[in-house]
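Heads up, the thing below is written out as C-alpha cells.
Treat the numbers as computed from the prediction; the structure is a model and nothing was measured. These numbers come from the heavy atoms of this one structure, side chains and all, not from hydrogens, waters or symmetry mates.
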Amino acid sequence: MNISEVIDSVAEDDHKADVGLNNFYCSVMSEYNYVCELKHGHYYYTTMWHSVAPAGNIYRYIGLQTETNRHALDIWHQVGAVANQYAHLLGGTTVPLEERMRVLVHALGRIKHQHDAETGETSKGFPPLQEFLFYRMQEFWPFRFPKESGRRKEWLMLRGIAWMICLVQLLVPFLILADEWMETHGGTQRLKDWYRNKIHLGEFVCLGKNFKEKLHTLMGGILLELTLLIIHSYVHDQHGNAIKLLLLPTSRFWLMVDQLTNMWCVIITTCALPLRFWDETNSTSIAMDSLTLLFVFMLDDLSGFAATYLGKTEEGYSRAAAWHKAMLSQCPVKISDLINDDATHVDELWQCDFDKNGRLKMATAVGESSEHFVSRRVMRVAQMSEDAALLQDDTRLCYSTSRLQEVLPRWESTFMVHAWLLLDWFMVLVQIIFPTW
C-alpha cells in the first residue's frame, strides 16, 4: 500500500522539482517522438483503434460478438471437414471427430509464421484463425451461441439486458411525450389553444407576470438550451460513429437496432423536453427532468448503469472491434487453402506464410513456392484481382464467409450516415426555436 502511494506521487514530485520546465519539455517531446516517429506505444495504438472503431454501446458490443460467432461457426464446420479428410494424420477414423478437431487446432497453435516481412518478426500460432477457435459454437435457426453452458448463459443474459434497454429507450420517451400531450392545463394546453387560434403566439415568448415567474422561465430556458446542446453533441458524435461503422464488419441486425433505437430516442426526447418543462412549477423539478431524460437516451452506453456489469470500457471495445477487423483481413475464407495436401505429419498440415507485400500465400508442398494467394474474409475490392493495382481512393471492402460475399459499406449503413446528418441539422433548428418558447 505504501509503495503504491509513492508511485502515484513520483510524476507530481518530479514536476515540482523541475523549476525550469526542461524535464517537462523533454518528457513531452519523448512521447511526441514515440508516437509520430516510432509509431509505437499505448497512445499511438489507442488513437488508431478509435480512428477505426466507433464509440461502444451494448448494441454494438453484441453486434461485434454476433459477427464473431458467425465466423467461428463457419470456421469450426471447416475444421471438422479437414479433420475428416486428414483423419489418418490425426489418429485415424476410430478417434472421435471432436478429438481429431482438437488435435488439429492444437497443431495450429504450434506453428510459427512470419507476420512482418520487413522486420522478420515471427509469431506462434496463427491468430487470424485462432481468434475464432477459442470455444465451440452451436446454431439454432438464426442464433449462433457458445456450446459451453456458462458462456451460453452469459450470451442469453447479455441479450436480455440489451432488449430491456431497447424497450426502455423506445417506450419511456414516447410515454412521457404522450402523457404531457394529454394534459389539460399548463404549457401543453396553451400550445393546443394556439393551434386552435385561441391565444396569440406572443404569449409563448412572455417571460412571466412577476419577478419570480421570470426567473423560473429564464432558468427553464437555460436548462432547456443546455440539454438540447448535450443531445446535439450526442447526435454529432453518432454521425461520426456511423461513418466508422460503414467499413466495420458487424451484424446487420444489431446495427439497425442500434441506429434506429438511438434515433427514435433522440427525436422523441427532444420533442418531449419543452412539453415537460412547460408544466413544471419549480426549478428543482426542471433540473430533475433534464437528468431523467438524458439518463434514458444514454442508457445503452458501456459506461451507463445498465451495462456496467459487463466490465467493458470504450477503449476496450474500440480495441476489440479494430482487432476483429484486422484478424478478418488475414483470415482465409476457406481454411483448406492453408492445408498442405502432401503432409505426412500433423505438424506439417498447416502452412501460414506471407509474401514480402504481406499477402497470405496458399499452402504448397515442402520446398515449393506458391504464387497464388488466399482469399481473405476482409479485403479491399481493388485487391480482388491479383493483377489489379491498389486504388487509394477506393475504400470499399469485400466481406466474405464460405456462404456469402458482400461489399462494405452496405446500403443501410450509408443511409444511416445521411439520416444522422439530417438529424444534426434538425437539432440546430430545435436549439433556436424551442428555448424561445
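- Between the side chain of Arg376 and the main chain of Gln330, no donor-acceptor pair closer than 3.5 Å is present.
- A salt bridge links Glu67 with Arg70: the distance from a Lys NZ or Arg NE/NH1/NH2 to an Asp or Glu carboxylate oxygen falls below 4.0 Å.
- Rounded to the nearest 0.5 Å, atoms CG (Leu338) and NZ (Lys361) are 12.0 Å apart.
- Expressed to the nearest 0.5 Å, how far CG of Leu349 lies from CD1 of Ile335 amounts to 10.5 Å.
- Checked by atom type and distance alone, the side chain of Lys325 never pairs as donor or acceptor with a backbone atom of Val378 at under 3.5 Å.
- No side-chain donor-acceptor contact under 3.5 Å links Ser30 to the backbone of Cys26.
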Mind listing the side-chain donor-acceptor pairs of residues 57-66 below 3.5 Å, one per line with the distance, residues two or more places apart or on another chain?
| from | atom 1 | to | atom 2 | distance (Å) |
| --- | --- | --- | --- | --- |
| Asn57 | OD1 | Tyr59 | N | 3.1 |
| Asn57 | OD1 | Arg60 | N | 2.8 |
| Asn57 | ND2 | Asp258 | OD1 | 3.0 |
| Asn57 | ND2 | Asp300 | OD2 | 3.2 |
| Tyr59 | OH | Cys166 | N | 3.3 |
| Tyr59 | OH | Gln169 | OE1 | 2.8 |
| Arg60 | NE | Asp258 | OD2 | 2.8 |
| Arg60 | NH1 | Ala55 | O | 2.5 |
| Arg60 | NH2 | Gln238 | OE1 | 2.5 |
| Arg60 | NH2 | Asp258 | OD2 | 3.4 |
| Gln65 | OE1 | Arg159 | NH1 | 2.7 |
| Gln65 | OE1 | Arg159 | NH2 | 3.0 |
| Thr66 | OG1 | Ile62 | O | 2.8 |
| Thr66 | OG1 | Arg159 | NH2 | 3.1 |

Inset, instruction - Go through the steps for Phe373 and Asp355 under the test side-chain contact (heavy atoms from CB on, under 4.5 Å), then give the verdict. - result: CA-CA 9 Å; Phe373 302 99; Asp355 73 346; 3.5 Å; yes
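- Taken to the nearest 0.5 Å, the CG atom of Leu228 stands 5.5 Å off from the CD1 atom of Ile231.
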Inset, instruction - Decide yes or no on side-chain contact (heavy atoms from CB on, under 4.5 Å) for Val417 and His239, but give the supporting numbers first. - result: CA-CA 6 Å; Val417 171; His239 177 248; 3.7 Å; yes
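- Checked by atom type and distance alone, the side chain of Asn33 never pairs as donor or acceptor with a backbone atom of Glu37 at under 3.5 Å.
- Using a 4.5 Å heavy-atom threshold, the side chains of Leu429 and Met427 count as separate.
- For the atom pair CZ (Arg252) and CE (Met256), the distance works out to 9.0 Å, reported to the nearest 0.5 Å.
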Inset, instruction - Start with the C-alpha distance between Leu299 and Phe295, add both sets of side-chain angles, then the distance that settles side-chain contact (heavy atoms from CB on, under 4.5 Å), and finish with yes or no. - result: CA-CA 6 Å; Leu299 195 59; Phe295 167 78; 3.4 Å; yes
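- Counting heavy atoms from C-beta on, the side chains of His418 and Thr414 come closer than 4.5 Å.
- In terms of heavy-atom proximity, Leu397 sits nearest to Arg380 at CD2-CD, 3.8 Å.
- Counting only heavy atoms from C-beta outward, the side chains of Asn69 and Leu73 never approach each other to under 4.5 Å.
- Considering all non-hydrogen atoms of both residues, Cys398 and Val381 come closest at N-CG2, 4.0 Å.
- The two atoms that bring Ala363 and Asn340 nearest to each other are CB-N, 3.9 Å, heavy atoms only.
- Partners of Asp74 under the salt bridge (charged side-chain N to carboxylate O under 4.0 Å, His left out) rule, at least two apart in sequence or in another chain, are Arg377.
- The environment of Phe174 atom CZ is sparse: at most 12 non-hydrogen atoms of other residues, nucleotides or ligands sit within 6.0 angstrom.
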Inset, instruction - Before giving the answer on salt bridge (Lys or Arg N to Asp or Glu O under 4.0 Å), spell out for Arg102 and Glu99 the whole-Å C-alpha distance, their side-chain angles and the decisive distance to 0.1 Å. - result: CA-CA 5 Å; Arg102 186 186 66 81; Glu99 178 63 21; 2.3 Å; yes
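- Residues Tyr399 and His71 place their aromatic rings such that the two centres sit under 6.0 Å apart.
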Inset, instruction - Before giving the answer on side-chain contact (heavy atoms from CB on, under 4.5 Å), spell out for Tyr44 and Leu38 the whole-Å C-alpha distance, their side-chain angles and the decisive distance to 0.1 Å. - result: CA-CA 9 Å; Tyr44 173 77; Leu38 300 178; over 6 Å; no
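- Checked by atom type and distance alone, the side chain of Arg100 never pairs as donor or acceptor with a backbone atom of Ala87 at under 3.5 Å.
- Ala107 approaches Val346 most closely through the heavy-atom pair CB-CG2, 3.8 Å.
- The local environment of CZ in Phe253 is crowded, with over 12 non-hydrogen atoms from other residues, nucleotides or ligands closer than 6.0 Å.
- Using a 30° and 60° split on the angle between ring planes, His40 and Tyr34 fall in the perpendicular class, above 60°.
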Legend entry - Intermediate values then yes/no, side chain to side chain donor-acceptor pair (under 3.5 Å), His106 and Arg110: CA-CA 7 Å; His106 283 184; Arg110 291 193 297 269; 5.5 Å; no
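- No more than 12 heavy-atom neighbours from other residues, nucleotides or ligands sit within 6.0 angstrom of CH2 on Trp323.
- Between Leu293 and the choices Thr227, Thr270, Ile268, Thr269, the side-chain contact (heavy atoms from CB on, under 4.5 Å) rule is met once, by Thr269.
- Here the straight-line distance linking atom CG of Leu224 with atom CD of Gln431 works out to 9.5 Å at 0.5 Å rounding.
- Note that the CG atom of Leu90 and the CD atom of Gln85 stand 10.5 Å from one another [nearest 0.5 Å].
- In this structure a side-chain-to-backbone donor-acceptor pair under 3.5 Å is present from Lys244 to His50.
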Would you be so kind as to tabulate the donor-acceptor pairs closer than 3.5 Å made by side chains of residues 127-145, with sequence neighbours excluded?
| from | atom 1 | to | atom 2 | distance (Å) |
| --- | --- | --- | --- | --- |
| Gln130 | OE1 | Phe126 | N | 3.0 |
| Arg136 | NH1 | Glu98 | OE1 | 2.7 |
| Arg136 | NH1 | Glu98 | OE2 | 2.6 |

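- Between the side chain of Ser329 and the backbone N or O of Ala326 there is at least one donor-acceptor pair closer than 3.5 Å.
- Formation of a donor-acceptor pair under 3.5 Å by the Ser51 side chain with backbone atoms of Met48 is found in this model.
- Of the residues Leu246, Thr250, Leu248, the one that meets the side-chain contact (heavy atoms from CB on, under 4.5 Å) test with Pro54 is Leu248.
- Closest heavy-atom contact between Ala242 and Trp420: CB-CD1, 3.8 Å.
- Heavy atoms of other residues, nucleotides or ligands lying less than 6.0 angstrom from CD of Glu31 number 12 at most.
- Contact between Ser318 and Ala53 at its shortest, heavy atoms only, is O-CB, 3.7 Å.
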